Amino acid sequence: MTETIDSAARDDRRPPREERRRPRLRIHRAWLVAAVTFVTIIGGAAFNSLPGLLIDPLHREFGWSRGEIGLAVSIDMALYGLTAPFAAALMDRFGIRRVVASALTMVAAGAIASVWMTASWQLMIYWGLLVGLGTGAMAMAFAATVTNRWFVARRGLVTGILTAAGASGQLVFLPLCAWIIDEHGWEPASVTVGLAALVVVPFVCLLMRDHPADVGLAPYGGTYVAKPAPARGAARRTLRVLFDAARTGPFWLLAGAFAICGASTNGLIRTHFVPSAHDHHMPITVAASLLAVIGVFDVIGTIFSGWLTDRFDARRLLAVYYALRGISLLFLPVLMAPDVRPPMVFFIVFYGLDWVATVPPTLALCREQYGDDSAIVFGWVLASHQVGAAVVAFLGGVARDVFGSYDVVWYAAGALCAMAALMSLVIRRVPAPKEPVVSG
């Protein structure tokens with residue numbers, strides 16, 4: 001009898017069976033969507049590793065000037081930027097999957113078709129028009145749309161991770177394409193990046209979802225929100241958002257600073273670093289490897305910047321990033337040499353950490369200033385980034401043709417970065433809404 005009572009007491013102390021079950025660890029679907037977005041941006045960004053590698057081979061094979069080749073690159077960059085805000089609105093209208101799958105196909109078509117070109121105007125059609133429109137539809141506005149829809153918590157971190165995807169593509173494809181060009185010529189390299197874009201299309205079609213409500217979920221860290229009806233009049237809405245934002249001072253400060261960001265990264269380093277290093281007798285494969293190292297530290301710096309953006313004033317972060325970037329560019333001309341020396345390694349590591357660390361705080365300021373329209377506003381700010389990149393991609397080639405070196409371009413870019421630091425500091429903050437006072 002005593003044993004029965006003791007057994008019953010032990011049974012009473014046991015939690016019910018359902019409480020004893022260990023809860024299964026479930027990963028929110030938002031992280032899968034973010035992973036697909038990351039891979040998609042890598043596939044679309046593969047082409048961005050090519051222009052700097054192909055300037056010299058195209059110049060030798062066709063006799064085109066560096067200014068002509070730089071013009072094709074500048075068209076690509078300008079269309080990349082100008083497409084971005086419309087892409088964000090098109091995603092609201094037709095869905096992320098349709099827009100991104102179509103964009104990847106355009107990138108692949110432009111990259112592969114360039115194998116048969118014989119005139120510089122064809123370079124501008126294939127590289128400039130097709131690739132520019134395609135990559136623009138997968139620009140940072142794509143990352144902003146995914147982040148805004150699928151995440152409430154960890155937005156800064158996710159923005160940093162998705163922004164780093166472009167650098168990861170550079171990390172993967174730069175050494176590969178440099179080796180292919182060195183061993184087999186530029187045509188196989190162009191086909192390689194075209195196929196890389198096509199490979200990603202099935203992942204987008206099968207795994208991407210347009211909205212958390214499509215799978216009956218709330219966004220990560222938020223509450224359930226019904227999927228809004230498709231937004232009609234995408235172009236009209238995109239222009240309306242631009243006109244409204246253009247009446248505010250923060251928009252012009254953000255756009256101006258981000259234009260300098262594009263000029264000092266995509267327009268300058270990505271396009272002209274390899275040919276500039278080759279001018280100092282550095283092998284192309286070595287210079288391309290240095291750019292790939294920038295990609296390694298870009299991933300680290302951008303994710304860390306996203307973490308910092310969740311915790312510190314975005315304006316001050318931007319000011320620090322731009323100021324340090326400008327200082328480093330002023331030293332670059334004296335670091336160029338036939339081989340890789342420690343000061344150049346230090347520059348590469350530092351520039352990698354700073355490359356697109358500006359994106360998370362810039363997007364955070366757009367979100368703070370413009371709310372629900374922030375993805376489209378950021379698209380327009382990104383357009384200024386690419387216009388700045390396009391101008392320097394073209395003028396950098398012209399400067400090399402005229403002066404015989406890139407030194408003047410490095411110094412001018414350093415001065416512009418100092419200006420961007422000042423512009424970031426004077427952006428006014430939007431005061432946080434006050435909590436209602438409940439009288440007792």
Side-chain angles (χ1 to χ4, degrees), residues 41 44-45 47-48 51 73-88 128 131-133 135-145 159-160 162-167 169-170 238 241-242 245-246 250-272 294 298 301-302 305 309 314 317-319 321-322 325-326 329 351 354-367 369-370 374-396 412-413 416-417 419-421 423-424 427:
I41 294 173
F47 182 84
N48 291 333
V73 177
S74 71
I75 292 172
D76 163 58
M77 291 181 176
L79 285 177
Y80 175 101
L82 294 172
T83 302
F86 292 96
V131 175
L133 291 174
T135 54
M138 295 177 295
M140 297 174 199
F142 168 40
T145 300
T159 300
L162 295 183
T163 303
Q170 175 177 299
T238 302
V241 170
L242 171 63
F251 173 79
W252 293 107
L253 292 169
L254 286 167
F258 219 42
I260 295 171
C261 178
S264 57
T265 52
N266 292 355
L268 188 58
I269 296 293
R270 179 172 287 168
T271 305
H272 295 294
I294 285 181
D298 185 8
T302 307
S305 177
T309 302
L317 289 176
L318 284 177
Y321 296 157
Y322 286 128
R325 182 184 300 179
L329 284 171
Y351 215 81
D354 192 71
W355 183 273
V356 286
T358 55
V359 173
T362 300
L363 181 53
L365 287 172
C366 287
R367 192 179 296 124
Q369 297 281 341
Y370 303 106
S374 61
I376 297 177
V377 172
F378 181 71
W380 284 113
V381 172
L382 176 62
S384 71
H385 180 281
Q386 293 306 113
V387 169
V391 170
V392 171
F394 172 61
L395 292 181
L416 286 173
C417 286
M419 185 184 302
M423 294 169 71
S424 302
I427 297 172

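As the structure is a computational prediction, the values presented were derived from the model and not from experiment.
In this structure, a donor-acceptor pair under 3.5 Å is absent between the side chains of Ser424 and Tyr321.
The two residues Gly128 and Leu79 have their closest heavy-atom pair at O-CD1, 3.4 Å. In terms of heavy atoms, Trp380 sits closest to Thr238 at NE1-O, 3.1 Å. Nearest approach of Ala319 to Ala421, heavy atoms of both residues: O-CB, 3.5 Å. The minimum heavy-atom distance linking His272 with Val392 is given by the pair NE2-O, 3.7 Å. In terms of heavy atoms, Gly132 sits closest to Thr83 at O-OG1, 4.3 Å.
Note that CG of Leu317 is 10.0 Å distant from OG1 of Thr362, once rounded to the nearest 0.5 Å. Between the OH atom in Tyr322 and the CG atom in Leu416 there is a gap of 11.5 Å [rounded to 0.5 Å]. Note that the CG atom of Asp76 and the OG1 atom of Thr135 stand 5.0 Å from one another [nearest 0.5 Å]. Taken from CG in Leu133 to CD1 in Ile75, the straight-line distance is 11.0 Å, to the nearest 0.5 Å.
When side chains are defined from C-beta on, Thr309 counts as touching Ser305, because their heavy atoms get closer than 4.5 Å. The closest side-chain heavy-atom distance from Tyr351 to Leu329 is below 4.5 Å. In this structure the side chain of Val381 reaches within 4.5 angstrom of the side chain of Cys366, judged on heavy atoms.
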Side chain to side chain contact (heavy atoms under 4.5 Å, CB included) evaluation trace for Leu365 with Leu318: CA-CA 10 Å; Leu365 287 172; Leu318 284 177; 3.7 Å; yes

Trace of the side chain to side chain contact (heavy atoms under 4.5 Å, CB included) decision for Gln369 with Val377: CA-CA 10 Å; Gln369 297 281 341; Val377 172; over 6 Å; no

Residues 251-264 side chain polar contacts: donor-acceptor under 3.5 Å, at least two apart:
{"from": "Trp252", "atom 1": "NE1", "to": "Ala246", "atom 2": "O", "distance (Å)": "2.8"}
{"from": "Ser264", "atom 1": "OG", "to": "Ile260", "atom 2": "O", "distance (Å)": "2.9"}
{"from": "Ser264", "atom 1": "OG", "to": "Cys261", "atom 2": "O", "distance (Å)": "3.1"}
{"from": "Ser264", "atom 1": "OG", "to": "Arg325", "atom 2": "NH1", "distance (Å)": "3.0"}

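At least one donor-acceptor pair under 3.5 Å links the side chain of Thr271 to the backbone N or O of Asn266.
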